[in-house]
Visitor: 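Just dropping this structure here.
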There are 4 protein chains.
Amino acid sequence: MPKITQDTRANILLTTLQLFLEKGYKNVSYQDLVKHTGLSKGAIYHYFESKDALLIAVFEFLLEATKEPENEKPHEIVKDQESFMKLFIAGKTKQIDSFKKLMGNKPLKLNRLLFFFEAISENQQLKQILVELSKHELTILEGYFAGLNMHHAIPKGKDIHLLAESLYWMLQGGEMSVFFLQEDDWEDAIIKMYQKTITDFFKII
Amino acid sequence: MPKITQDTRANILLTTLQLFLEKGYKNVSYQDLVKHTGLSKGAIYHYFESKDALLIAVFEFLLEATKEPENEKPHEIVKDQESFMKLFIAGKTKQIDSFKKLMGNKPLKLNRLLFFFEAISENQQLKQILVELSKHELTILEGYFAGLNMHHAIPKGKDIHLLAESLYWMLQGGEMSVFFLQEDDWEDAIIKMYQKTITDFFKII
Amino acid sequence: MPKITQDTRANILLTTLQLFLEKGYKNVSYQDLVKHTGLSKGAIYHYFESKDALLIAVFEFLLEATKEPENEKPHEIVKDQESFMKLFIAGKTKQIDSFKKLMGNKPLKLNRLLFFFEAISENQQLKQILVELSKHELTILEGYFAGLNMHHAIPKGKDIHLLAESLYWMLQGGEMSVFFLQEDDWEDAIIKMYQKTITDFFKII
Amino acid sequence: MPKITQDTRANILLTTLQLFLEKGYKNVSYQDLVKHTGLSKGAIYHYFESKDALLIAVFEFLLEATKEPENEKPHEIVKDQESFMKLFIAGKTKQIDSFKKLMGNKPLKLNRLLFFFEAISENQQLKQILVELSKHELTILEGYFAGLNMHHAIPKGKDIHLLAESLYWMLQGGEMSVFFLQEDDWEDAIIKMYQKTITDFFKII
DNA sequence: AATGAATGAGCGTTCATTCAT
DNA sequence: AATGAATGAACGCTCATTCAT
């Protein structure tokens, strides 16, 4: 009996995302999907023609839903370290919130990096998506530093692009440590890491 | 027919490492191992009681063989940016060389991160090993910055630990980008990234 | 959106026939049928209650459309080897033409025997149909030989029924070889085989 | 626990042959094979790497075991219709007996043609094997007719090759009818058909 | 020390079929 | 008349593992 649910597709995507994040692509079987979606194998195949197609769809769904919002005129807002921090953390918090909202009340044992790297290694097409995402995030940071520069909040003569890139990589490295070590409470841990990293960054430059 | 190889164990470890790095833990089957070692399933089980045990052994084998050598008195050697760079690159080059030597003439299509993260997610015990490793690398960097400080090669008043940690994370982030994008020629790419990152770092501080 | 095709049923039959001939009953799935008819699964089930029913319908459709036409007074026409050959080949050509017309311009990679035998082994009811068909063809041949006999075109004392049956079996065996070896251009090949077989037959009797 | 049976391979081949003959390649599943061999899926895959490989192996096994024996000097033996018939039937009986022996006491519901045609349509490589087989059988028949000719037991001036080919095709056609109509007792039916066909053949030439 | 026969659970995928709309 | 969501069993095949030899 076909259910009236129009959200079967969303149900599949969401459940699959959750499972992929928790256990990794390879470790999630259709049996798992059946169990957690409440659908039959056939129904899932009705919406996604293969596990591979499901991977891509889930990945795009995740990025779509959690893409960092770009501020329109960052240089009007970012004047000093304090406003930099505030805006950055606000952006990330928003991202995390939309992520948590996306997940609903479903419990989430995160092992995000595994999923990311698996996804990439299984599917070349996803690599490009991630490269774009990383450029996007770098651009945002550059906007922030441009603001700081306009307000003379950073030492003269520093290369804005270099600063942005350096901080971006530090943040990436920091994220790695967090995800390495922390499976639960990662939301708090990662926000604290962002704060510490930015604070440290302003100390060393 | 017993093989002449006395080092059956080493053969298994090496072959497995290569396969894990290339395809990831989950994607390597005993069938693959049999094919590439020239041994039988039984023989592999004779040396390693499970695929899990093999994973740990291989991981330790890898870290053992490529651990960054700690200089005895870094502050005597590291006097300025130039000597910093030289020593750091020398250490990493040594690491990579011992890695390549380890692999012998076997071709290596790297997908290293996948293996690392898979290993970690499959096996809690490996996480601790990696944490130790990361502390070790951080300590080395701190030694370098202490040397720089002794020779007044960095601005006064900068926190040495902070500098080391910041650079460490930047390097980690940099490694990620390289491994994301580059599957072949990663040796060159990663050395260049190290050089660029260190150069940039000295520009921004 | 309802298709303009009024002859949905004919569309299904034709497409299915083509697919069955090309790939065999077992290798044709509803997915294939959907793809090639442009209809939905439900629509096909609306016309044929099961794949089995579809098989029978298609089989009957095929036989109906390609049944060899019986000449009214063969003994008036068939006077000698030449007229025998002419009439026989004309009949077969007609059959093949109506078959090709039936298939329209759809390309047809023939593997006809597989389909026939599959059909029979899947469905007892079809066996009887084929037996009837074979009797029909035998009767036609007997009519031809009766004509020859009336015109003293065959050696005296030969049993007409025996001659007809013998030739019929030879032709059957010949068809088998053709279908074994030839997937494309079977129309030409089979006509040539008919000609050779009849010529040979007149040589040996 | 590995059994001592050295005949696991033979067991698989025999059981599979029986099932293929009875139900056809497509209709035999590994589940069936497991059930009838008493082995596990894995064990069967240990011996044959795929269902396709199994098909070829079974096919070769069948032909090997039932190939018609070639008489050394047929023209010394075949002198007239009677000796022709005797030798031919003896050869076929031998073939059938070795086939029945091969099958052991296992009950056999024959649907042989389906299997043959399926095998061929699934696997190009098998087609060639069958062509060779058919040439072999034709050669044997030609030897017989040469014998007849030497003893002036056939009308003068008849082309020996033509006679052999014609009879061969008649026999092929005859086999088809038998297999079409008869599933049980096919051994008797086919021998009777051979006898009738040969008798008829000598009547019409 | 090393083999390879054998297991059985599980994999991703396809199947014919049902039925509310 | 026609759709397409949904089912659940079955498919061929691979897996890590065991163990008698």
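Below, chains carry the letters A, B, ... as their sequence lines are ordered, and counting in each starts from 1. Reckoned from all heavy atoms, side chains included, excluding hydrogens, waters and symmetry mates.
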Visitor: Given atom CZ of B:R9 and atom C1' of E:dA2, what is their separation to the nearest angstrom?
Guide: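 Spelled out: CZ on B:R9 to C1' on E:dA2 is 17 Å.
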Visitor: Please give, in whole Å, the distance from F:dC15 P to B:K35 NZ?
Guide: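 Roughly 11 Å, once rounded to whole Å.
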Visitor: Looking at A:D7, A:T15, A:T8, which hits side chain to side chain donor-acceptor pair (under 3.5 Å) with A:N11?
Guide: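 Going through the options one by one, the only one that passes is A:T15.
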Visitor: Within the side chain of A:Y30, is there an N or O that forms a donor-acceptor pair under 3.5 Å with the backbone of A:K51?
Guide: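 Present.
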Visitor: Looking at E:dA6, I'd like to know if its phosphate oxygens (OP1 or OP2) sit under 4.0 Å from a side-chain N or O belonging to D:Y47.
Guide: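 Yes, because at least one side-chain N or O of D:Y47 sits under 4.0 Å from OP1 or OP2 of E:dA6.
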Visitor: For B:F48, give me all partners under ring pair (Phe, Tyr, Trp, His ring centres under 6.0 Å), at least two apart in sequence or on another chain.
Guide: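 If we apply the ring pair (Phe, Tyr, Trp, His ring centres under 6.0 Å) test to B:F48, skipping adjacent residues, there are no hits.
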Visitor: Strictly below 4.0 Å: does C:T8 bring a side-chain N or O up to OP1 or OP2 of F:dA1?
Guide: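 False: C:T8 side-chain N/O out of range (4.0 Å or more) of F:dA1 OP1/OP2.
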Visitor: Are any side-chain N or O atoms of B:K26 and backbone N or O atoms of B:E118, one a donor and one an acceptor, separated by less than 3.5 Å?
Guide: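 Checking the backbone N and O of B:E118 against the side chain of B:K26, no donor-acceptor pair under 3.5 Å is found.
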Visitor: Between atom CG of A:L33 and atom NZ of A:K35, what is the distance when rounded to the nearest 0.5 Å?
Guide: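 It comes to 11.5 Å.
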Visitor: Using atom CG of B:L54 as one end and atom P of F:dC15 as the other, report the distance to the nearest whole Å.
Guide: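 So the two atoms are 15 Å apart, to the nearest Å.
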Visitor: Output the distance between atom CD1 (D:I120) and atom CD (D:Q128), rounded to the nearest 0.5 Å.
Guide: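 With rounding to 0.5 Å, CD1 (D:I120) is 11.0 Å from CD (D:Q128).
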Visitor: Counting only N and O atoms by type, is there a donor-acceptor contact under 3.5 Å from the side chain of D:D32 to the main-chain atoms of D:V28?
Guide: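 Pair absent, no side-chain N/O of D:D32 close to backbone of D:V28.
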Visitor: Could you state the atom-to-atom distance from CZ of B:F48 to P of F:dT17 in whole Å?
Guide: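 About 14 Å, once rounded to whole Å.
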Visitor: On DNA chain E, nearest-nucleotide positions of B:H46 versus D:S40: which is more 5'?
Guide: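 With B:H46 and D:S40 compared, the 5'-side residue is B:H46.
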Visitor: Mind checking whether C:F115 and C:F59 have parallel, tilted or perpendicular rings, split at 30° and 60°?
Guide: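 Rings of C:F115 and C:F59: tilted, as their planes differ by 30° to 60°.
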Visitor: If you take all heavy atoms of A:A43 and A:I12, which pair is closest and at what distance?
Guide: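 Shortest heavy-atom separation between A:A43 and A:I12 comes out as O-CD1, 4.5 Å.
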Visitor: How would DNA chain E look in dot-bracket form, 5' to 3', counting Watson-Crick and G-U wobble pairs with both distances under 3.5 Å and writing | for bases paired to another strand?
Guide: .||||||||||||||||||||
Visitor: What pairs of nitrogen or oxygen atoms, one from the protein and one from nucleotides 9-13 of chain E, lie under 3.5 Å apart?
Guide:
from	atom 1	to	atom 2	distance (Å)
E:dC11	OP1	A:S29	OG	3.0
E:dC11	OP2	A:Q31	OE1	3.3
E:dG12	OP1	A:V28	O	3.4
E:dG12	OP1	A:K51	NZ	2.8
E:dG12	OP2	A:Y30	N	3.0
E:dT13	OP2	A:Y45	OH	2.6
E:dT13	OP2	A:K51	N	2.9
E:dT13	O5'	A:Y45	OH	3.0
E:dT13	O4	A:K41	NZ	3.0

Visitor: Atom CG of C:N11 to atom C1' of F:dA2: distance rounded to whole Å?
Guide: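 Roughly 13 Å, once rounded to whole Å.
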